[in-house]
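The structure under discussion appears below in the form of structure tokens.
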Protein chains: 2
Amino acid sequence: MDQRVDTRSRILNIAEAAVLEKGFEATSIEEIVAGAEISRGGFFYHFKDKNALARAMLERYIDAENALYDDLFARARELNDDPLHCMLIGLKLLAEMLEEMPTGHPGCVIASTAYQDRLFDEGVRDLNRQAILGWRKRFRGMFEEIAQVYEPREAVNMDALGDMVSGVVEGGLVLQRALREHNNASEQIMLFRTYLKLLFADKK
Amino acid sequence: MDQRVDTRSRILNIAEAAVLEKGFEATSIEEIVAGAEISRGGFFYHFKDKNALARAMLERYIDAENALYDDLFARARELNDDPLHCMLIGLKLLAEMLEEMPTGHPGCVIASTAYQDRLFDEGVRDLNRQAILGWRKRFRGMFEEIAQVYEPREAVNMDALGDMVSGVVEGGLVLQRALREHNNASEQIMLFRTYLKLLFADKK
DNA sequence: GGTCAACTGGACTCGCAGTACAGTCAGGAT
DNA sequence: ATCCTGACTGTACTGCGAGTCCAGTTGACC
């Protein structure tokens, strides 16, 4: 069996693990090629430079995250058809998933690149932006569905509320990374869940 | 007047601006010394290495942030003695402050270092940790005061609620950095404010 | 006049990104 | 059977930035 079948994916796997553990800049091409058991030349054959690697990693990561959300809320919908309860179940599943990761969540590539963005070119930054806007749209849509059934007790900006899902996750990951604790992100999500329960308590 | 009176502070000012703009790794000592109009030798006279610079920057930043919170909530307390309203006013002031910064908030050094932490030594990481734990304690105390007067409608973990202030700010800053928008952090704070209003609606 | 803190300036090592390019090797097309 | 191409290997080189070493300068104060 030829190990070379998918060298590109192997590079991405190794690079992603290293980048999530210690950041993009601290990850050298040297150690990536050592891990993937290829030569430096081989690396540059697949990726023009470190920017191209970053772009590919982000694309993969975002696709995976979107697939995860799709799956999570599809499962939630199966359990309960009410849009509010679907959201609450989905968030619970998300929190559980974050908690189950023994070493804590790898940490979001989005934040990691956002804070080093001068290192990256316009393409990378745009991918980042589009991903967050995508999540805004996704959650905004879900909240609007909820608001059709439940009267919000306080007026809220729906875009901002959509962003709050991403923000709470990102913020929680920052905390857990800095504190070296394991469940801050999941706790923050659970707190956000009680927010939604309070906000959408009254059926129309 | 001797410009050299406080070279160390000048280095820190220039470094902080550069680091907040483009990240720690992307900021070279070369450009710092150029900006501060000193020699490379002069830089290393003041700071043993880049880690020492990072530590000094973090210390200064954390002190400034603590002073800002002290001032903000002291002003809020003057306006209203009720602990809940004091918190709500303080958060409003914080949101306004974030909004008034024309280029957006410089971005929190905490998150920036959290995601590049392998670059830094234990001292830097510990400073980071202590700062967040300090904020947890500060806000937890304030929420406990509130809970003595108002019955929370839902049971919440007070440590997690304290962390949520930091988390919402950090998360908002990540979003606004990645999206290149200007008011995400302040919007997230305002949303968190309505959370508190809903949570602590009933006086004991 | 001597001491010390706060530098300057230059030379050097090291690690890493990125370039260049010549050569290898397996598999499919012709 | 031969040729071509894609996926590499290996080596050598440039250039940049961090960090070290150190000898020398300058101004302040004692």
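Computed from heavy atoms alone, side chains included, the values below leave out hydrogens, waters and symmetry copies.
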Review item, side-chain donor-acceptor pairs of residues 165-173 of chain B, under 3.5 Å, at least two apart:
none

### Query
Which side-chain hydrogen bond (donor to acceptor under 3.5 Å, both in side chains) pairs, counting each pair once, include a residue from residues 190-199 of chain B, with sequence neighbours left out?
Thr194(A)-Tyr195(B), Tyr195(A)-Thr194(B)
### Message
Under a 3.5 Å distance rule, please check whether Asn80(A) uses its side chain to pair with a backbone N or O of His85(A) as donor and acceptor.
### Response
no
### Query
Between Arg125(A) and Phe120(A), is there a donor-acceptor pair closer than 3.5 Å when you use the side chain of the first and the backbone of the second?
yes
Contacts under 3.5 Å, N or O only, protein and nucleotides 16-19 of chain D:
residue: dA18(D); atom: OP1; partner: Ile29(B); partner atom: N; Å: 3.1
residue: dA18(D); atom: OP1; partner: Lys50(B); partner atom: NZ; Å: 3.4
residue: dA18(D); atom: OP2; partner: Ile29(B); partner atom: N; Å: 3.0
residue: dG19(D); atom: OP2; partner: Lys50(B); partner atom: N; Å: 3.0
residue: dG19(D); atom: N7; partner: Arg40(B); partner atom: NH2; Å: 2.6
residue: dG19(D); atom: O6; partner: Arg40(B); partner atom: NH2; Å: 3.0

### Query
Are side-chain heavy atoms of Phe24(A) and Thr113(A) found at a separation under 4.5 Å?
no
### Sub-4.5 Å side-chain heavy-atom contact between Met190(B) and Asn157(A)
no
Do you know the tightest heavy-atom contact between [X] and [Y]?
{"X": "Ser186(B)", "Y": "Ala95(B)", "result": "CB-O, 3.3 Å"}
{"X": "Pro152(B)", "Y": "Phe200(B)", "result": "CG-CE2, 3.8 Å"}
{"X": "Arg177(B)", "Y": "Ala114(A)", "result": "NE-O, 3.0 Å"}

#### Entry: Contact residues, residues 11-18 of chain B to DNA chain C [heavy atom, < 4.0 Å]
none
### Task
Could you tell me whether the phosphate oxygens of dA7(D), OP1 or OP2, come under 4.0 Å of any side-chain nitrogen or oxygen in Thr7(A)?
no
Can you measure [X] atom [atom1] to [N] atom [atom2] for me and round it to whole angstrom units?
{"X": "Arg10(B)", "N": "dC7(C)", "atom1": "CZ", "atom2": "C1'", "answer": "11 Å"}
{"X": "His46(A)", "N": "dG18(C)", "atom1": "NE2", "atom2": "C1'", "answer": "17 Å"}
{"X": "Phe47(B)", "N": "dT20(D)", "atom1": "CZ", "atom2": "C1'", "answer": "18 Å"}
{"X": "Tyr45(B)", "N": "dA23(D)", "atom1": "OH", "atom2": "P", "answer": "17 Å"}

#### Entry: Ion pair check, Asp71(B) and Arg75(B), cut-off under 4.0 Å
yes
### Message
Let me test you: for the helix from dG1(C)-dC30(D) to dT30(C)-dA1(D), what is the angle between the axes at its two ends (five pairs each), rounded to 10 degrees?
### Response
10°
### Message
List the residues meeting salt bridge (charged side-chain N to carboxylate O under 4.0 Å, His left out) with Arg140(A), not counting sequence neighbours, and say none if there are none.
### Response
Glu144(A), Asp159(A)
